[in-house]
Amino acid sequence: MVKVKMFEAPEEKSRPSIEAPITDSKAFHDVVNSRRSVRFFSNDSIPQEVIDQCLDAALKAPNSSNLQAWEIHHVVDAVKKKELVRLCLGQPAASTAKELFVFVARPDLWKRNNQWMLDEFDRRGDMPEKAYQYFRKITPMIYTTGFLGLAAPFKWLFYNIRGIRKPTPREPMGRWGMQVWGHKSTALACAHFMLAMRAHGFDTCPMEGLDSKRVKKLLGVPRQAGITMAISAGKRAQGGVFGDRFRFESKHIVIKH
Ligand SMILES: Cc1cc2nc3c(=O)[nH]c(=O)nc-3n(C[C@H](O)[C@H](O)[C@H](O)COP(=O)(O)O)c2cc1C
């Protein structure tokens with residue numbers, strides 16, 4: 001098996017803290033607190049530059065191995081948009097929206113993106129050997145599922161035997177595991193996007209109430225892609241926010257060890 005020591009930190013004395021960029025925490029919390037899922041939008045449009053900046057924010061989300069195995073489909077064509085509303089089960093959050101986006105996990109593209117990563121390293125010309133090793137040896141080991149996903153049982157056996165004695169990463173495993181892998185990162189892009197929209201004074205509604213099979217067909221993405229969610233966007237209209245925000249008490253959710 002490949003032996004690459006990935007996680008090595010310098011000694012504590014050579015890790016003094018440095019200044020990170022200054023940010024406005026109040027502004028951030030204002031954005032978080034004012035984001036609500038909006039079900040009725042007004043007829044106001046979203047300027048293209050706002051859309052572009054929000055898409056850019058989405059693409060800056062943290063993502064697994066930086067393989068960016070996602071796509072964002074902005075459905076602007078009137079016919080397709082109407083059909084997408086239908087496939088979102090006619091939800092008002094979709095039918096009243098000015099803009100509709102579908103966030104798609106593309107675990108099936110990991111190999112292509114892995115190569116893009118290596119190409120980028122070549123272009124930069126100053127990447128450490130460890131970075132190359134990660135994308136030449138580690139990612140293929142972690143993300144390969146084999147023909148028809150047949151590598152999964154072998155990987156399962158290997159991880160479980162190795163895992164008896166030492167900490168061993170166990171996911172993603174198999175094709176289904178790769179779906180989960182793709183959705184995790186894509187969902188973070190969704191969160192970035194929705195918060196960015198709010199920061200610009202607009203609103204969103206995430207939607208998984210849709211027919212994913214038909215949505216894939218509409219967007220022309222393959223079966224192995226995963227529809228993480230559709231996100232509608234616009235300006236909130238009267239009655240568009242359903243009641244006060246409600247969350248369970250954090251004592252039930254946040255567990256300190
Ligand atoms: C993955 C996901 C799927 C969702 N699907 C729908 C949906 O199909 N329709 C809808 O009206 N809201 C949907 N929501 C919105 C949730 O109902 C909403 O986030 C939740 O009630 C909390 O309200 P808040 O977003 O205003 O804080 C979805 C949210 C997420 C994260």
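Side chains are part of it too, since the values below use all heavy atoms of this structure and drop only hydrogens, waters and symmetry mates.
- By the 6.0 Å contact criterion, CD on Q48 is enclosed, its count of non-hydrogen atoms from other residues, nucleotides or ligands being greater than 12.
- Between atom CD of residue Q133 and atom OG1 of residue T139 there is a gap of 11.5 Å, rounded to the nearest 0.5 Å.
- Partners of W70 under the ring-ring contact (aromatic ring centres under 6.0 Å, His included) rule, at least two apart in sequence or in another chain, do not exist in this structure.
- Residues P206 and E208 fail the side-chain proximity criterion, which asks for heavy atoms closer than 4.5 Å.
- Contact check for C190 versus F101: no side-chain heavy atoms found under the 4.5 Å cut-off.
- Taking 4.0 Å as the cut-off between side-chain N and carboxylate O, E83 and K80 do not count as a salt-bridged pair.
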So D52 and C54, side chain to side chain contact (heavy atoms under 4.5 Å, CB included) or not? Walk me through it. CA-CA 5 Å; D52 291 343; C54 296; over 6 Å; no

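- With a 4.5 Å cut-off on side-chain heavy atoms, I72 and V104 do not count as touching.
- With rounding to the nearest 0.5 Å, the separation of OH in Y143 from OG in S64 is 3.0 Å.
- Taking a cutoff of 4.0 Å between a charged side-chain nitrogen and a carboxylate oxygen, E11 and R15 do not qualify as a salt bridge.
- Note on D56 versus K60: salt bridge recorded, some NZ/NE/NH1/NH2 to OD/OE distance being below 4.0 Å.
- Judged by distance alone, the side chains of R175 and T145 never bring a donor and an acceptor atom under 3.5 Å apart.
- Taking the centre and axis of the six-membered ring of F242, the NZ or CZ atom of R39 falls inside the cone set by 45° and 6.0 Å.
- Residues P172 and I142 approach most closely at CD-CG2, 3.6 Å, considering heavy atoms.
- By the 6.0 Å and 45° rule, R112 stacks over the aromatic ring of W116.
- Counting non-hydrogen atoms of neighbouring residues, nucleotides and ligands closer than 6.0 angstrom, the CD atom of E12 reaches no more than 12 such neighbours.
- Side-chain contact between M207 and I231: absent, with no pair of heavy atoms (C-beta onward) separated by less than 4.5 Å.
- When side chains are defined from C-beta on, H73 does not count as touching L100, because their heavy atoms never get closer than 4.5 Å.
- Exactly one of R36, K235, R35, R198 qualifies for a salt bridge (Lys or Arg N to Asp or Glu O under 4.0 Å) with D203. That residue is R198.
- Proximity of F28 to T23: side-chain heavy atoms (C-beta onward) are nowhere separated by under 4.5 Å.
- The number of heavy-atom neighbours closer than 6.0 Å to CG of N43, taken from other residues, nucleotides and ligands shown, is 12 or below.
- For CG of D126, the number of neighbouring non-hydrogen atoms (other residues, nucleotides, ligands) closer than 6.0 Å is greater than 12.
- When the shell of 6.0 Å around CZ of R245 is examined, it contains more than 12 heavy atoms from other residues, nucleotides or ligands.
- Among all heavy-atom pairs drawn from F41 and T96, the shortest one is N-OG1, 2.9 Å.
- Side chains of N66 and Q68: a donor-acceptor N/O pair is present below 3.5 angstrom, by distance only.
- Comment: D77 does not engage K81 in a salt bridge, judged by the lack of any side-chain N to carboxylate O separation of less than 4.0 angstrom.
- Looking at every heavy atom in both residues, N63 comes nearest to L67 through OD1-N, 3.1 Å.
- Taking the charged nitrogens against the carboxylate oxygens, E8 and K130 do have a contact shorter than 4.0 Å, which makes a salt bridge.
- Ion pairing between D108 and R106 holds under the 4.0 Å rule for side-chain N and carboxylate O.
- Put simply, the side chain of Y132 reaches to within 4.5 Å of the side chain of D122, judged on heavy atoms.
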Would you please test F158 and T168 for side chain to side chain contact (heavy atoms under 4.5 Å, CB included) and show each step? CA-CA 10 Å; F158 169 72; T168 300; 5.7 Å; no

Starting from the C-alpha separation in whole Å, work towards a yes-or-no answer on side chain to side chain contact (heavy atoms under 4.5 Å, CB included) for Y159 and M173. CA-CA 10 Å; Y159 289 152; M173 182 88 68; 3.4 Å; yes

Working for side chain to side chain contact (heavy atoms under 4.5 Å, CB included), residues N160 and R170: CA-CA 8 Å; N160 276 284; R170 297 167 195 257; 3.4 Å; yes

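- Side-chain contact between K98 and D44 is absent, with no heavy atoms from C-beta onward closer than 4.5 Å.
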